[in-house]
Amino acid sequence: MTLSINCKDAGDPVCTHTMYGETEEEVLKNAKEHGIKEHGYTEESWNEEISKNLEHFKKIIKQA
């Protein structure tokens, strides 16, 4: 089963990039890589973001 998360659904007003993964952990890892590469997050700032908003991110993961 492939899962996906869309950047716009996660709260970015412009980016429509979609990340995919076979598990929730994998799709969140791919979202982290995208956030660091494209949106200027650092490892530390991403960890703060995900810890504050983990339930939000989990709710917007969809089956692709």
Side-chain angles (χ1 to χ4, degrees):
M1 168 177 64
T2 301
L3 302 174
S4 69
I5 189 169
N6 184 278
C7 206
K8 196 164 194 165
D9 292 341
D12 189 282
V14 179
C15 183
T16 59
H17 183 77
T18 301
M19 289 70 55
Y20 297 93
E22 295 300 316
T23 64
E24 191 175 87
E25 292 79 17
E26 185 179 8
V27 79
L28 289 172
K29 176 183 156 283
N30 292 335
K32 175 183 178 178
E33 290 172 3
H34 173 75
I36 290 171
K37 182 178 177 186
E38 300 297 330
H39 297 289
Y41 281 96
T42 63
E43 184 86 23
E44 183 178 302
S45 65
W46 175 263
N47 290 338
E48 289 175 22
E49 179 74 21
I50 201 72
S51 69
K52 289 189 287 186
N53 297 300
L54 182 59
E55 289 308 310
H56 168 69
F57 283 106
K58 287 183 174 186
K59 286 179 184 176
I60 61 172
I61 293 174
K62 300 176 182 158
Q63 290 186 1

* Glu38 CD to Cys7 SG distance, which is reported to the nearest 0.5 Å -> 9.0 Å
* Asked: From Ile50 CD1 over to Tyr41 OH, what is the distance, rounded to the nearest 0.5 angstrom?
  -> 9.0 Å
* **side chain to side chain contact (heavy atoms under 4.5 Å, CB included) between Asn30 and Leu28, intermediate numbers included** => CA-CA 5 Å; Asn30 292 335; Leu28 289 172; over 6 Å; no
* Can you name the residues that form a side chain to side chain contact (heavy atoms under 4.5 Å, CB included) with Thr18, not counting sequence neighbours? -> Ser4, Asn6, Tyr20
* Thinking salt bridges, do Glu33 and Lys37 make one under a 4.0 Å N-O criterion? -> no
Report all side-chain donor-acceptor pairs from residues 52-63 shorter than 3.5 Å, counting only partners two or more places apart or in another chain.
{"unit_1": "Asn53", "atom_1": "ND2", "unit_2": "Glu49", "atom_2": "O", "d": "3.3"}
{"unit_1": "Asn53", "atom_1": "ND2", "unit_2": "Glu49", "atom_2": "OE2", "d": "2.9"}
{"unit_1": "Lys62", "atom_1": "NZ", "unit_2": "Asp9", "atom_2": "OD2", "d": "3.0"}

* To do: Sequence neighbours left out, what passes side-chain hydrogen bond (donor to acceptor under 3.5 Å, both in side chains) with Ser51? Give chain and number order.
  =>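 If we apply the side-chain hydrogen bond (donor to acceptor under 3.5 Å, both in side chains) test to Ser51, skipping adjacent residues, there are no hits.
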* Could you walk me through whether Leu3 and Met1 pass the side chain to side chain contact (heavy atoms under 4.5 Å, CB included) test, one step at a time? => CA-CA 7 Å; Leu3 302 174; Met1 168 177 64; 4.1 Å; yes
* Asked: Does Lys32 reach the side chain of Glu43, with side-chain heavy atoms less than 4.5 Å apart?
  -> yes
* To do: State, yes or no, whether a side-chain contact exists between His39 and Cys15 at a heavy-atom distance under 4.5 Å.
  => yes
* Verify the neighbour count for atom CD of Glu44: are there more than 12 heavy atoms of other residues, nucleotides or ligands below 6.0 Å? => no
